[in-house]
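Since the structure comes first, as structure tokens, the remarks are kept for the end.
Note: hydrogens, waters and symmetry copies are ignored here, and every other heavy atom, side chains too, is used. Here is how names work: the chains are called A, B, and so on, in the same order as the sequence lines, proteins then strands, and each is numbered from 1.
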Amino acid sequence: MKAGDHLFLIDGSGYIFRAYHALPPLTRKSDGLPVGAVSGFCNMLWKLLSDARDTSVGVTPTHFAVIFDHSAKNFRHDLYTDYKANRSAPPEDLVPQFALIRQATRAFNIPCIEREGFEADDIIATYARLAEGVGADVTIVSSDKDLMQLVGEHVSLYDSMKDRQIGPAEVREKWGVGPEGMIDLQALVGDSIDNVPGIPGIGPKTAAQLLDEYGDLDTLLEHAGEIKQKKRRENLLEFAEQARLSRDLVRLKTDTPVDLDLTALVLEPQDGPRLVAFLKGLEFSSLTRRVAEATGTDAATVEAETVEGEAGSAAHGPDLDPGDADADADTKAVGARASDAFANGAWTPAALAAKRSEAAAAGTIDHARYHCIRDLETLKLWAEEARQSGLVAFDTETNSLDAMQADLVGFSLALTHDVRDASGAAIRAAYVPLLHRKQEDDLLGGGLVEDQVPFDEALSILKAVLEDASILKIGQNLKYDWLVMKRHGVTIAGFDDTLLISYVLDAGRGNHGMDVLSERWLGHTPIPYKEVCGTGRSAITFERVDLEAATRYAAEDADVTLRLWLVLKPRLVADGLIAVYERLERPLVAVLARMEERGVSVDRQILSRLSGELAQGAAALEAEIQEIAGEPFNIGSTKQLGEILFGKLGLPGGAKTKGGQWSTSAQVLEDLAAAGHELPRKIVDWRQLTKLKSTYTDALPGYIHPTTTRVHTSYALASTTTGRLSSSEPNLQNIPIRTAVGRKIRTAFVAERGHKLVSADYSQIELRVLAHVAEIPQLVQAFADDMDIHAMTASEMFGVPVEGMPGEVRRRAKAINFGIIYGISAFGLANQLGIERSEAGDYIKRYFERFPGIRDYIEDTKAFARQHGYVETIFGRRAHYPEIRSANPSMRAFNERAAINAPIQGSAADVIRRAMIRMEDALAHSNLAARMLLQVHDELIFEVPDDEVEATMPLVRSVMEEAAMPARAMRVPLRVDVRAADNWDEAH
DNA sequence: TAGAAAACGTA
DNA sequence: GTACGTTTTCTAG
């Protein structure tokens, strides 16, 4: 490079964000892949390059490079740990575009530069100074103020979107200081987006004025005591150090090590066919045409490069939240687009999905090809490849199934160099052991296995990949890995989860565990965990597994996960379920993980006292029961109990169980008690006490975490057919409430010192959903008027006025209302109400006469389910009922009832999911410290600092009540009751 | 020792 | 009549 040459440096990362926000948001390729930013980027690049050929334009580049940010972390984080802490993850539909823009740069035959540990700005600064040094001119394509410090006689900025050149004069005009003053100005002002602190109370105007007066930051700080304005003076004195730190943060590094020297940046001509193929693949038709013309390429003969929707990155479907118009219309538009795409000779999403599935099933898995990575250099290479391809499957190996206890002992990665190949032939997978221990059990418990990658170094390389949202991580049940990594200081950002994708696609068609999915889609049975770690008392933890077996097992997990993703992700687009996945499913992973991580405080003493009381009560009852029975027996054994009750004592047996025994269910025992027998009542009571004791007061303390001293449940996102969550280990969604004794257990769930528990629950959400979907005028009106819905139903059915209605009448109406939600049958209603089937049938008949819309809804839903094999919630989530066409009438009836229930239960579940996804941001925006701890289907429980309770309650209420909006306008309002107290019993 | 059956806690 | 998870007992291996 020499004087007179002109170097163009494009701030690729900055451009991506700016283009994303500036351009129409919904630019997508026919398979749903979002490409708005890529499109803007390519057009901009082409325009600049055209200028290079057109000598009539004054500015003609001779050298050219696009610079990208490399990793989330750089030297500035060492200066200031909170640097860029305010940055939120990039928008979902931008993530897949990072890799595409790198691909685009290469397709344009332009150097694509990035370097670990440095921001794009530093590399730009370095090249700009180098070029300046040889007398060349430099144009930096960016309008970022952070780069303005570089502007000078030979260096200017070019804002490609406003087509504006920024030289020293423009900098001074905009900021009141010249380029040389920009660093000091930024140091004073700070930057809330990058979280550069600056000095409080000083904005750009004041900063410019001060710098004008004192010359530079150091002089200003020396003379800070002379400032007249009191507050300003105090702040300058108090935060002087902070300003100096800020200066170090904003000053760009001009001695970044660079791989390519200036001569390597010389502008080469474009390879016409290659570029055309790429642009054609992205369906940029007008740019394709222009490029073809300019490069003398016959576009018609060039085959489009298959640029992935595919590129395996998040292909995007319709937006559930139509701040962008009508969601239903959106959904249909995708279907329409699919056929258009086929007309263009491209794959339709469905055809692509089918092709992938076929290839995946034909692929073979070869354990011999797996790598075991045992040195840092190799690991770095793999991380680099992940970055290049923008895609990596990831799985952790630990020493516990409990994510809150698990320590990382290794991890596996899988990469592919061709995301179009679902056969897996292009996949490489590896296991990285970190803390495996020798198997022999010497006194010290066996030392570490030799030649493992040093833990801290490996973790930091992994961290850079996992936290970089522009690299899509693919996992199976990522909530587990997310939590484990979080506990190791790493926050995974930018991911897909094959468990959740499968769940969205196939809820109701069996479970979604990796082994099942692998057999279903790949025809491959993965190595069972048992085979590696054994079972029962001879089981070992993964850290004791020898590296060869561990590699086979762990690398296979990553390999299989990546293959599954290649098959399943296109199906999301094909089935129009991308929005469900991205709006209702994927965002909950981090939300739930944080809830699990927080846990809830449980008072051991209350539980232990209760346990004692329950033990006493049960023992007393046990003695009485055995006294009456005339012999000791195991009351907990239904078999023995049946023999005593219906054999020895000769009580009349009621129902039989499936196994043919006499049933001893609570219902049967209650009936016997009502008939005057004294023993059954005592057994019911005994059962209640022992149930509460064993399931709750005795079990819960065992779940208190040794270090956090709180109870951390685990939520399953993909276990129910309807879309509800489930909770386990321990299940905190079935803590007693119905009986007085049971409720006492809730008093043990407490807020930590200085806090309250706030419980917010939806009132009658399922009935409201029913009123909405079935469009029942009376119900809609009743909810609009905030009436007692069961009383209103009773009044409508039986002609009884709501005023002074007997409790029994209301109770019956209530049972019918619930019955409807559960897919009513005369049999079930009769059971519930203890009336004759014929009478129950009459009730149902009368109900349908009064509410014909409900009958229509039920019939329509059944017909839909029979036709499609699934039903949908109001947000488009599907629940499959493959057996609804069963020839077995009871099986069929069961599936029909479930299918009637699923849209109601599932829509309610979707609503609270939406509320949960929004809640954290809503709280943060209001500067509230409330922490969401638990979800119980229609209830959310928070822990809130005492002095924020008042402010938090209305916010929580409004987020929940407005959760359906704007995606759906419900015909009925949602109502939420909110209460605060010291414990869960009083808060609910 | 693993898994089914019965019972029962929640929404 | 829907949707779950946990506990205890008992049986099959």
Between A/Phe798 and A/Tyr843, does a ring pair (Phe, Tyr, Trp, His ring centres under 6.0 Å) hold up when you go through it step by step? CA-CA 9 Å; A/Phe798 305 116; A/Tyr843 281 0; 5.5 Å; yes
Just to be sure I understand the rule, does A/Phe827 reach a base, reach only the sugar-phosphate, or reach nothing, if contact means heavy atoms closer than 4.0 Å? sugar-phosphate
Treating primed atoms plus P, OP1 and OP2 as sugar-phosphate and everything else as base, which nucleotides of nucleotides 6-11 of chain B get B, S or - for protein heavy atoms under 4.0 Å? SBBBBB
Once you round it to whole Å, what is the distance between P of C/dG5 and CG of A/Leu717? 13 Å
In this structure, how many angstroms lie between the P atom of C/dT2 and the CD atom of A/Gln832, rounded? 12 Å
Within the structure shown, what part of the strands sits under 4.0 Å from A/Asn634 by heavy-atom distance: base, sugar-phosphate, or nothing? sugar-phosphate
Would you indicate whether A/Lys744, at its atom NZ, is surrounded by more than 12 heavy atoms from other residues, nucleotides or ligands within a distance under 6.0 Å? no
For a quick check of understanding: with a heavy-atom distance under 4.0 Å over all strands, which category does A/Ala655 fall into, base, sugar-phosphate or nothing? nothing
How is A/Gly819 classified with respect to the nucleic acid when contacts are heavy atoms under 4.0 Å: base, sugar-phosphate, or nothing? base
Tell me whether the side-chain N/O atoms of A/Thr720 come closer than 4.0 Å to OP1 or OP2 in C/dG5. no
Euclidean distance, atom CG of residue A/Leu829 to atom C1' of C/dG1 [Å, nearest integer]: 8 Å
Given C/dT2, C/dT8, C/dG5, identify the nucleotide with an atom nearest to the side chain of A/Ser726. C/dG5
Contact class for A/Thr721 vs. all strands (heavy atom < 4.0 Å): base, sugar-phosphate, or nothing? sugar-phosphate
Using a cut-off of less than 4.0 Å, is there contact between a side-chain N or O of A/Thr535 and OP1 or OP2 of B/dA2? yes
Compare side-chain N and O positions of A/Lys639 against OP1 and OP2 of C/dT11 and report whether any pair is under 4.0 Å apart. yes
Within the supplied structure, the quantity of interest is the number of heavy atoms (other residues, nucleotides, ligands) at a distance under 6.0 Å from A/Arg811 CZ; does it exceed 12? yes
Please examine the side chains of A/Arg877 and A/Glu585, heavy atoms only from C-beta on, and report whether any two atoms are closer than 4.5 Å. yes
Rounded to the Å, how far apart are A/Trp686 CH2 and C/dT8 C1'? 9 Å
Could you tell me the separation between the CG atom of A/Asn895 and the P atom of C/dA3, rounded to a whole number of Å? 9 Å
Please tell me if the side chains of A/Ile625 and A/Phe633 come closer than 4.5 Å, counting only heavy atoms from C-beta onward. yes
Interatomic distance, CZ@A/Arg604 vs CD1@A/Ile704, rounded to 0.5 Å, equals 4.0 Å
